[in-house]
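Counting from 1, the numbers follow the sequence of the chain as shown. Treat the numbers as computed from the prediction; the structure is a model and nothing was measured. Atoms considered below: every heavy atom in the structure, side chains included; atoms not considered: hydrogens, waters and symmetry mates.
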Amino acid sequence: MPNIGPMELIIVLVVVLLIFGPKRLPGLGKQLGTGMREFKESIGGKGRSDDDDDYDDNDRRKAESALGRPEGEQAPLEGEVVRERAPR
């Protein structure tokens with residue numbers, strides 16, 4: 001495979017300029033950079049986690065109230081002995 005030198009890069013840039021025009025080149029560059037960044041994050045596993053960012057405190061309160069837990073009480077850990085609460 002031949003090496004890509006400065007002359008080949010100039011030819012490619014001139015062809016891209018002729019095809020897309022000078023007005024669309026900045027937008028295309030931005031889209032290309034964003035796409036590359038997202039691809040790198042998806043490959044490396046960096047950035048947002050899939051499940052954690054989808055929920056906020058309101059969702060957590062709704063889930064705890066649906067489970068019958070008072071607000072602010074944490075769920076028991078796995079293997080932890082849970083005693084019945086005495087009625088107040």
Side-chain angles (χ1 to χ4, degrees):
M1 184 169 189
N3 292 334
I4 298 176
M7 192 61 165
E8 288 84 7
L9 289 176
I10 291 172
I11 293 171
V12 169
L13 290 175
V14 169
V15 170
V16 169
L17 181 63
L18 290 174
I19 292 174
F20 294 110
K23 291 183 181 179
R24 292 187 59 195
L25 281 183
L28 290 173
K30 183 177 181 180
Q31 289 177 349
L32 180 65
T34 303
M36 289 174 61
R37 188 178 314 113
E38 289 176 0
F39 179 74
K40 286 180 182 179
E41 287 176 357
S42 68
I43 294 296
K46 296 179 182 176
R48 299 183 301 151
S49 66
D50 293 336
D51 297 329
D52 295 340
D53 291 342
D54 294 341
Y55 302 105
D56 59 1
D57 289 336
N58 290 333
D59 291 336
R60 179 169 292 181
R61 283 190 212 119
K62 288 178 186 177
E64 286 179 355
S65 67
L67 292 172
R69 287 191 207 118
E71 188 173 325
E73 183 179 321
Q74 294 182 357
L77 298 175
E78 187 174 327
E80 183 179 329
V81 178
V82 179
R83 297 187 182 114
E84 301 264 340
R85 278 183 267 167
R88 296 180 185 175

Is I4 reachable from L13 through a run of I, L, V, M, F, W or Y residues, each pair having side-chain heavy atoms under 4.5 Å apart? no
How long is the straight-line distance from CZ of R37 back to CG of L32, given to the nearest 0.5 Å? 10.5 Å
V12: partners by side-chain contact (heavy atoms from CB on, under 4.5 Å), with sequence neighbours left out: V16
Using 0.5 Å steps for rounding, measure from the CD1 atom of I19 to the CG atom of L25. 10.5 Å
With a 3.5 Å distance limit and no angle check, can you tell me whether Q31 reaches the backbone of L28 through a side-chain donor-acceptor pair? no
